[in-house]
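Everything numeric here is computed off the predicted structure, so don't read it as measured data. In what follows, chains carry the letters A, B, and so on, assigned in the order in which the sequence lines appear, proteins first and then strands, with residues in each chain numbered from 1. Computed from heavy atoms alone, side chains included, the values below leave out hydrogens, waters and symmetry copies.
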2 protein chains.
Amino acid sequence: MFKKATKSRVFQDVVDQVQQAILDGQLKAGDRLPAEREMVEMFQTSRGTLREALRVLEHKGLIEIRLGVAGGAMVKAIDTEQVSESLALLMRTQAIPLDDLAEFREGVEGNVSALAARRATPEDGEDLRRLMDEARHFYEQGVEAWQSFVQVDRRIHMTLARISRNAIYAFVLKSVHDNIPPYYERYLQSSTTVLEENYRDLCDLTAAVQAGDAAAARRAAQAHVRRFHRYMLAVEHRLTEKSPPPSR
Amino acid sequence: MFKKATKSRVFQDVVDQVQQAILDGQLKAGDRLPAEREMVEMFQTSRGTLREALRVLEHKGLIEIRLGVAGGAMVKAIDTEQVSESLALLMRTQAIPLDDLAEFREGVEGNVSALAARRATPEDGEDLRRLMDEARHFYEQGVEAWQSFVQVDRRIHMTLARISRNAIYAFVLKSVHDNIPPYYERYLQSSTTVLEENYRDLCDLTAAVQAGDAAAARRAAQAHVRRFHRYMLAVEHRLTEKSPPPSR
DNA sequence: TGATTATAATGGTTAAACCATTTTGTCCAG
DNA sequence: CTGGACAAAATGGTTTAACCATTATAATCA
């Protein structure tokens with residue numbers, strides 16, 4: 001199946017050959033690659049070099065490696081994991097301005113909520129109802145349960161992305177939300193007012209989606225994100241004791 | 001909720017430590033990591049294991065490795081390369097439906113164009129004018145210059161993302177557009193009609209942005225993407241000789 | 001029969017050596 | 001003094017051989 005590896009970096013050649021075999025369909029998800037010591041002979045290379053190649057393939061999300069007898073490298077069905085991870089790295093290192101993040105969320109979550117409203121099935125509505133039950137439960141417990149409330153909030157956003165039935169929106173939003181916690185930690189100091197406002201936003205949003213009202217869902221999502229942003233700006237203002245930056 | 005507590009793999013620990021140092025700012029872009037044989041002592045591991053870690057870090061886009069004396073591992077400024085690569089893998093394995101791509105573009109490019117219309121400066125308008133001059137030049141050359149026209153089209157989209165002054169929209173759109181070419185190759189068979197429609201779309205779009213008309217810019221961008229999508233569906237229909245899938 | 005233990009196959013790690021590439025400095029011819 | 005050839009050194013890339021850790025399966029025993 002594999003031929004001798006020749007290139008300036010041998011491991012790269014191995015990576016390319018295996019990836020090509022997967023993309024060509026010669027290797028399908030669930031298939032098991034030969035054991036390392038066998039592949040070493042097929043590629044005519046050393047085990048160290050082969051393992052560097054396997055490491056790259058693993059990180060690409062193309063294979064999964066398990067220990068023990070009957071273990072080894074299995075071809076994996078590609079998912080959005082790697083895109084999410086690299087997107088997350090980009091966002092964390094690019095020092096994205098808070099304004100940009102809020103603006104992006106406002107636009108994208110607006111789009112997603114509108115799509116979700118158009119496509120929500122009765123089952124989706126049921127999922128949202130259950131989540132809102134949880135949210136109300138924590139809301140009624142007051143600021144003590146703030147963290148739990150935020151987690152439910154996050155799950156509601158992810159659920160809306162799923163309901164939108166669009167894989168790209170789903171993993172883009174997942175990447176964004178995976179990187180919001182640092183912002184939360186820095187800015188969010190909860191109060192009963194904030195908790196109540198957030199809860200009402202979620203009520204409006206899920207109600208609009210369940211009613212299939214795309215325009216209202218978009219407006220509710222945007223209002224929710226915008227409120228969140230204004231609140232963070234206010235906290236920043238209090239923290240720095242300077243005049244707030246002019247809104248653009 | 002919890003991840004595995006024990007780190008059975010040494011190289012993963014090395015990856016995590018280096019990545020954390022970069023994210024924490026202890027290592028900045030351009031900094032050079034110690035030589036392999038030095039790091040081996042710092043991490044108290046073997047060279048093979050260390051190199052597996054370096055391979056992963058390299059593939060993550062966090063470091064760049066050069067040969068020879070004065071070579072070694074340099075910390076890299078993260079770009080959209082890795083996102084693009086993993087996105088390309090997803091698309092090549094058709095894990096992402098064409099409909100999702102078109103829908104995402106329609107929503108996001110609509111948002112971006114609306115923002116661009118609100119924020120375009122006279123200099124930005126000048127940039128767009130120059131690009132449209134190029135586009136007209138290739139348009140007048142007819143279908144022969146189709147590829148050149150497509151390239152200008154792409155630059156116009158990227159310029160709009162820049163004008164939107166939002167870093168997230170910019171790199172998300174760049175990642176998407178970096179992965180559109182394969183779709184073009186598969187589906188696009190140009191004709192004078194398609195060329196003209198595309199040119200007119202761009203005229204409408206840039207005119208709206210230059211005029212500062214956000215709503216018109218959004219509509220123009222969405223119409224442009226939607227037309228593109230419909231055209232690809234039509235080609236697919238001709239190719240498969242089956243009835244087109246029901247629009248959702 | 002069921003629990004325990006041994007076995008073997010697999011990935012994970014270590015160590016030491018050598019090869020290939022590239023920069024840098026040195027030396028010699030002109 | 002200059003310029004080019006060449007040697008030296010530092011670095012990543014590769015090989016080899018052995019051992020350790022994990023785990024499914026087979027063998028064993030109460």
**Message:** Contact between D127(B) and R162(B) at the side-chain level, heavy atoms closer than 4.5 Å - yes or no?
**Reply:** yes

So, does [X] get its side chain near the phosphate of [N], meaning an N or O under 4.0 Å from OP1 or OP2?
{"X": "T45(A)", "N": "dT14(D)", "result": "no"}
{"X": "R51(B)", "N": "dG13(D)", "result": "yes"}
{"X": "T49(B)", "N": "dG12(C)", "result": "no"}

Check whether any side-chain N or O of [X] sits under 3.5 Å from a backbone N or O of [Y] as a donor-acceptor pair, and report yes or no.
{"X": "D31(B)", "Y": "V75(B)", "result": "no"}
{"X": "R32(A)", "Y": "G71(A)", "result": "yes"}
{"X": "N179(B)", "Y": "S175(B)", "result": "yes"}
{"X": "S84(A)", "Y": "E81(A)", "result": "no"}

Return the value, rounded to whole Å, for the distance between atom [atom1] of [X] and atom [atom2] of [N].
{"X": "L54(B)", "N": "dG12(D)", "atom1": "CG", "atom2": "P", "value": "8 Å"}
{"X": "L33(A)", "N": "dA9(C)", "atom1": "CG", "atom2": "P", "value": "20 Å"}
{"X": "E36(A)", "N": "dG11(C)", "atom1": "CD", "atom2": "C1'", "value": "5 Å"}
{"X": "R66(B)", "N": "dT11(D)", "atom1": "CZ", "atom2": "C1'", "value": "12 Å"}

**Fill in**
Once base and sugar-phosphate atoms are separated, protein heavy atoms under 4.0 Å mark nucleotides 16-26 of chain C, 5' to 3', with B, S and - as -BB--BBB---

**Message:** Just by distance, no angles: are the side chains of H177(A) and D153(A) close enough, under 3.5 Å, to form a donor-acceptor pair?
**Reply:** no

